[in-house]
Structures are given as structure tokens and as C-alpha cells.
There are 2 protein chains.
Amino acid sequence: MTTRDETRPARPAGRPRSEKAEKAIIEATLDLISESASISDLSIEAIAARAGVGKTTIYRRWSNKEDLVVDALAVLKSPLPPLAGRSVREDLITCMEVMRREAGDVRGRCVMNIAMNENDRHPRLVERVRQATLQPRQEALRAMLQRGVETGELRADLDVAIATAMVVGTVMWYVKSAGPGEAGADSGTLAERLADHILAGLSDR
Amino acid sequence: MTTRDETRPARPAGRPRSEKAEKAIIEATLDLISESASISDLSIEAIAARAGVGKTTIYRRWSNKEDLVVDALAVLKSPLPPLAGRSVREDLITCMEVMRREAGDVRGRCVMNIAMNENDRHPRLVERVRQATLQPRQEALRAMLQRGVETGELRADLDVAIATAMVVGTVMWYVKSAGPGEAGADSGTLAERLADHILAGLSDR
DNA sequence: GCGTTGCGAAACTTTGTCGTATCGAAAAAC
DNA sequence: GTTTTTCGATACGACAAAGTTTCGCAACGC
């Protein structure tokens with residue numbers, strides 16, 4: 001037993017790994033993912049260059065590209081916003097505002113792109129992203145709509161799956177087609193206007 | 001002047017190019033595009049192998065990958081269905097049924113994927129796809145909704161851009177999240193149910 | 001100071017793709 | 001039959017990226 005206390009981390013000998021390098025690698029990875037069309041288009045050398053880091057430093061931490069991407073995307077998990085629960089309309093606007101903001105963000109978009117396009121080539125990666133990020137949100141939205149049906153705010157014969165698709169699909173498509181820039185111009189009221197169109201429908205009744 | 005009449009096509013001497021090889025190349029390209037996450041992941045050698053064709057035969061016809069992809073995607077242009085124009089609801093169901101079918105098809109999906117993801121890397125290609133395929137449909141839908149506003153079938157204060165996003169986004173997201181298989185099970189009435197939710201909205205009024 | 005480990009840079013091998021060239025065989029016109 | 005062009009197959013050089021290794025230096029515990 002040495003003089004050193006048995007503090008559990010049992011710090012290994014030698015120079016410790018640079019926390020700064022690790023952050024830089026993750027950041028560079030996220031940057032380059034959002035600039036790439038696919039994981040294959042992402043190169044470790046480009047990540048190393050962007051991060052100002054040697055390739056050795058990357059391979060010492062992650063054994064391959066997919067592991068690195070998984071860890072990088074994990075840091076994007078922004079927490080779900082608390083839903084006030086006062087009314088479906090209010091909660092819906094809250095949700096849609098979050099979606100609008102994330103869909104307009106380069107990094108938020110790349111999560112969706114990966115989830116939608118890389119299923120064949122990187123099923124494990126996509127599954128982890130789906131479970132960590134997409135599924136909780138989808139479930140929260142589903143529960144919110146279900147609650148609305150029970151309180152009578154929403155139609156009793158509502159198809160929740162269709163309603164979910166209406167909410168998510170409308171935001172995604174609007175932001176995509178209008179472009180993040182234009183969507184940002186009137187962004188303050190966009191979620192509200194989208195929500196009202198979805199709630200009220202298109203018909204003149 | 002020879003005995004041969006001066007029939008204009010002026011058929012060049014030598015063995016004519018195989019029409020069958022050309023078809024096989026296009027088919028193989030479409031197959032592989034829908035299996036790839038990006039154009040970069042598409043390799044000429046894989047296309048040649050899949051088509052049972054030498055690389056020479058490809059390069060003799062197209063000088064690079066992008067030209068080949070443009071020509072391949074061009075054959076996917078299915079004509080817009082005629083809209084009866086009797087009612088907005090009927091025309092909307094017609095449109096959504098086409099979208100549902102195309103979104104459930106592997107090849108139909110890849111047009112959307114390219115249009116959404118390859119903008120940075122292949123702007124000319126994306127622009128051509130957009131103009132040839134996406135824009136006419138978007139415009140037809142927009143005109144249909146506008147007509148509905150004028151006839152009074154739709155709300156006078158309708159935001160046509162939002163309505164368009166609702167229609168397209170809902171179909172895309174529903175098919176994507178339900179999976180083409182499940183969406184195919186109840187496909188007969190899906191477009192109708194989606195259309196009615198969109199027209200009527202979610203609220204209980 | 002010494003041993004150990006991480007650091008960035010660079011060289012290296014391997015693999016995959018591009019685009020070109022070459023080959024013998026096949027298909028057409030004449 | 002001769003000529004011309006295309007066919008599929010294959011080999012080639014150039015290049016980019018993956019992943020490994022080496023190197024000299026830096027940072028830590030002892």
C-alpha cells in the first residue's frame with residue numbers, strides 16, 4: 001500500500017488524455033456530418049484536420065468511424081421541453097417550436113438525415129439514434145395527443161398515428177421547403193400558425 | 001452516290017450500340033441509387049457489375065457519374081395524374097394516393113432523398129431533378145388548394161404554403177414512420193383517411 | 001530525474017474507385 | 001469477306017481514404 005489513498009479512479013500512469021482534444025474531435029465530427037451526405041462521405045482525416053488533432057488521437061479513443069459518430073450524435077440529445085399541460089394547443093405549439101428550431105439547425109437536421117437514410121448501411125447506429133433521440137419525442141407527442149382526445153379537446157375518432165404524422169411532417173416539410181432562412185424570418189409565430197392550421201383543418205366549415 | 005437510299009438517320013457503320021445494355025445500365029443505376037445513401041457512395045464499377053456490362057460500355061455513353069444519374073432519374077418521371085376537378089377532397093385524395101404510392105416505392109423515395117440531401121454537393125443535379133419532377137407536382141397541388149379557396153371549399157384565410165406542407169409532409173412522414181409494408185396493408189383507404197384528417201383538422205368542434 | 005503515457009506529424013500499407021487503354025469476339029454495312 | 005464499331009473483360013496509373021506504425025516531444029506520478 002502506497003502513501004497515495006486508494007481513490008478509486010486509479011489514475012493510470014503517464015500523461016492524461018486531453019479533454020480539449022476530445023471535445024474538438026466531437027465538434028469537428030458534428031460539423032462534418034452536417035456537411036456530408038452520408039457517413040461514408042465522412043473521412044477520419046478530415047475530422048482530424050478540422051479538429052487540429054492527429055489521427056492517432058482519434059483511433060486511441062474510438063476503434064472505428066461508426067463508434068465515433070455514435071458518441072458524437074449522443075451529445076446532441078437536447079432534453080425534451082416540459083409541457084405545461086394547460087391545453088393541447090399550447091403544448092402543441094411548444095413541441096412544434098422545438099421541432100422548427102431543430103429542423104432549422106444544421107446539426108439537428110443531420111440526425112434526421114441519418115435516421116432516414118443510413119438504415120441499410122448502419123443499422124446499429126440508426127437504432128441507437130432512434131432510441132436515444134427520436135423515440136422519446138415521438139412518444140411524448142403521441143401521449144399529448146392522446147390526452148387531448150381524452151379531455152375532449154380533440155376529436156374522439158382521431159387517428160393518433162395520422163395526427164402525429166401531420167404534426168411532425170408539416171413542420172419538417174415547411175422548414176425544408178421554405179428554407180431555414182425564410183422560416184427564421186417569421187419564426188416567432190410560425191409554430192402557432194402551423195398548429196392552428198393543423199388543429200382547425202383546411203375546410204371552410 | 002451508292003445504291004443505298006439517302007435515308008436520313010445516316011446509320012453509322014459498325015456494330016450498333018446495344019439498347020439492352022443501355023436499359024440494364026439505367027436499371028442498375030436506379031437500383032443502386034436507392035440502396036446508397038449518397039451519390040458518392042455510388043460506384044460505376046458496381047453499376048457495371050450489376051448491369052452485367054463492361055465499364056467501357058458505360059463511359060462510351062456518359063462521360064461521368066452525374067450525367068448518368070441525371071438520365072437514370074429522368075425515367076422515373078411518372079406523369080401527373082389528371083385531376084377530376086369535381087371537388088377539392090376528391091383531387092386531394094388523388095394526389096395523396098400518388099404520393100403514398102411513390103413514397104412507398106424504393107425508387108420514388110430516392111428522388112426525394114437526393115433532392116433533400118445532395119444540394120451542397122451536386123447543385124446542378126438537384127436543380128434538374130427539382131425542375132423536372134418535384135416542381136410540377138408542387139405547383140399542381142398549390143393550384144388545387146388555391147382553387148379550393150376560391151370556390152369556398154377551403155377557408156378563405158388559408159395559408160397555401162402551410163397547407164401544401166401539411167399535405168406533402170403528412171403523407172411522407174406517415175409512410176416513413178409506418179413503414180412501406182404497413183402502409184401497404186391499409187393502403188386502399190389511407191389517402192382518404194389522411195385527407196379527411198387534414199381537411200377537418202384535429203380539433204373537436 | 002525516470003518511467004509511462006498521450007500528443008501531433010508523418011510515413012506507410014492496403015483497399016477501393018475513377019477514368020483510360022487494350023484485347024479478342026461479335027454484329028452490323030457494304 | 002472486309003471494314004467498322006461495339007461488346008465484355010481485364011489491366012493499368014492516379015488518387016483518396018482507412019487504419020497502423022514510428023518519431024520526437026510534452027505531461028503526469030513517483
Side-chain angles (χ1 to χ4, degrees), chain A residues 1-29 32-33 35-70 72 121-122 125, chain B residues 1-29 32-33 35-69 121-122 125:
Chain A
M1 185 103 24
T2 69
T3 39
R4 192 177 186 284
D5 191 6
E6 282 192 346
T7 45
R8 258 302 140 257
R11 163 84 100 93
R15 174 175 177 174
R17 293 191 176 175
S18 160
E19 196 64 33
K20 199 174 64 176
E22 191 142 339
K23 293 284 185 191
I25 293 168
I26 297 286
E27 285 298 307
T29 304
L32 291 173
I33 286 179
E35 293 171 12
S36 302
S38 72
I39 305 290
S40 331
D41 287 341
L42 193 66
S43 89
I44 298 281
E45 305 203 312
I47 295 173
R50 175 79 65 110
V53 141
K55 277 197 297 178
T56 328
T57 308
I58 296 179
Y59 281 111
R60 193 174 291 118
R61 291 166 165 77
W62 296 277
S63 58
N64 56 55
K65 194 157 58 176
E66 185 169 318
D67 287 355
L68 169 56
V69 171
V70 168
R121 274 155 303 284
H122 305 278
L125 167 62
Chain B
M1 184 119 1
T2 68
T3 38
R4 193 178 185 284
D5 190 7
E6 282 191 346
T7 45
R8 255 305 137 251
R11 163 83 103 94
R15 174 175 176 172
R17 292 192 177 173
S18 160
E19 197 63 33
K20 200 174 65 176
E22 191 142 339
K23 293 284 185 192
I25 293 168
I26 297 285
E27 285 299 306
T29 304
L32 291 172
I33 286 179
E35 294 170 12
S36 302
S38 72
I39 304 290
S40 331
D41 288 340
L42 193 66
S43 88
I44 298 279
E45 307 205 311
I47 295 173
R50 175 78 65 108
V53 142
K55 278 198 296 177
T56 326
T57 309
I58 296 179
Y59 280 111
R60 193 173 291 118
R61 291 167 167 76
W62 296 276
S63 58
N64 57 55
K65 192 156 58 176
E66 187 168 318
D67 287 356
L68 170 56
V69 171
R121 273 155 300 284
H122 304 278
L125 167 60

Inset, instruction - Would you tell me if any nitrogen or oxygen in the side chain of B:Ser18 comes within less than 4.0 Å of OP1 or OP2 on D:dT6? - result: no
Inset, instruction - Figure out the CD1/P separation between B:Ile58 and D:dC7, and round it to whole Å. - result: 11 Å
Inset, instruction - Could you check how far CG of A:Asp41 sits from P of C:dT17, rounded to whole Å? - result: 13 Å
Inset, instruction - Rounded off to whole Å, could you give me the NZ-to-P distance for the A:Lys20 and C:dG6 pair? - result: 18 Å
Inset, instruction - Starting at CD1 of B:Ile44, measure out to CG of B:Asn64 and round the result to the nearest 0.5 Å. - result: 8.0 Å
Inset, instruction - Could you tell me the separation between the CD1 atom of B:Ile39 and the C1' atom of C:dT17, rounded to a whole number of Å? - result: 16 Å
Inset, instruction - Remember a base hit wins even if backbone is also touched, and classify A:Leu42 as base, sugar-phosphate or nothing at under 4.0 Å, heavy atoms. - result: sugar-phosphate
Legend entry - B:Glu19 or A:Ala46, whichever maps to the more 5' nucleotide of DNA chain D: B:Glu19
Inset, instruction - Assess whether one donor atom and one acceptor atom, taken from the side chain of B:Lys55 and the base of C:dG19, lie less than 3.5 Å apart. - result: yes
Inset, instruction - Ignoring backbone atoms, establish whether A:Arg17 has a side-chain N or O less than 4.0 Å from OP1 or OP2 of D:dA26. - result: no
Legend entry - Whole-Å distance separating the CD1 atom of A:Ile44 from the C1' atom of D:dA16: 14 Å
Legend entry - Shortest non-hydrogen separation from A:Ser36 to A:Leu32 and the atoms involved: OG-O, 2.7 Å
Inset, instruction - Select one nucleotide: of C:dC7, D:dC28, C:dC18, the one nearest the side-chain heavy atoms of A:Pro16. - result: D:dC28
Inset, instruction - Would you indicate which nucleotide in C:dT5, C:dC18, D:dG19 comes nearest to any side-chain atom of A:Arg15? - result: C:dT5
Inset, instruction - Using only side-chain N and O atoms of A:Arg60, determine if any of them is under 4.0 Å from OP1 or OP2 of D:dT21. - result: no
Inset, instruction - Give the rounded distance in Å between these two atoms: NZ of A:Lys23 and P of C:dG6. - result: 19 Å
Legend entry - Among D:dA17, D:dC7, C:dG19, the nucleotide that comes nearest once only the side chain of A:Ser43 is considered: D:dA17
Legend entry - Atom-to-atom span, CD of A:Glu66 to P of D:dG19 - whole angstrom: 11 Å
Inset, instruction - Calculate, to the nearest 0.5 Å, the distance between atoms OG1 and CZ belonging to B:Thr29 and B:Arg50 respectively. - result: 10.0 Å
Legend entry - Between P of D:dT6 and OH of B:Tyr59, the distance in whole Å: 18 Å
Inset, instruction - Confirm from the modelled atom types if A:Thr56 and C:dA9 form a donor-acceptor pair under 3.5 Å, side chain to base only. - result: yes
Legend entry - B:Arg121 side chain vs A:Glu35 backbone, donor-acceptor pair below 3.5 Å: yes
Legend entry - CD1-OG distance between A:Ile33 and A:Ser38, expressed to the nearest 0.5 angstrom: 10.5 Å
Inset, instruction - Could you tell me whether A:Ile47 contacts a base, only the sugar-phosphate backbone, or nothing, with contacts defined as non-hydrogen atoms closer than 4.0 Å? - result: nothing
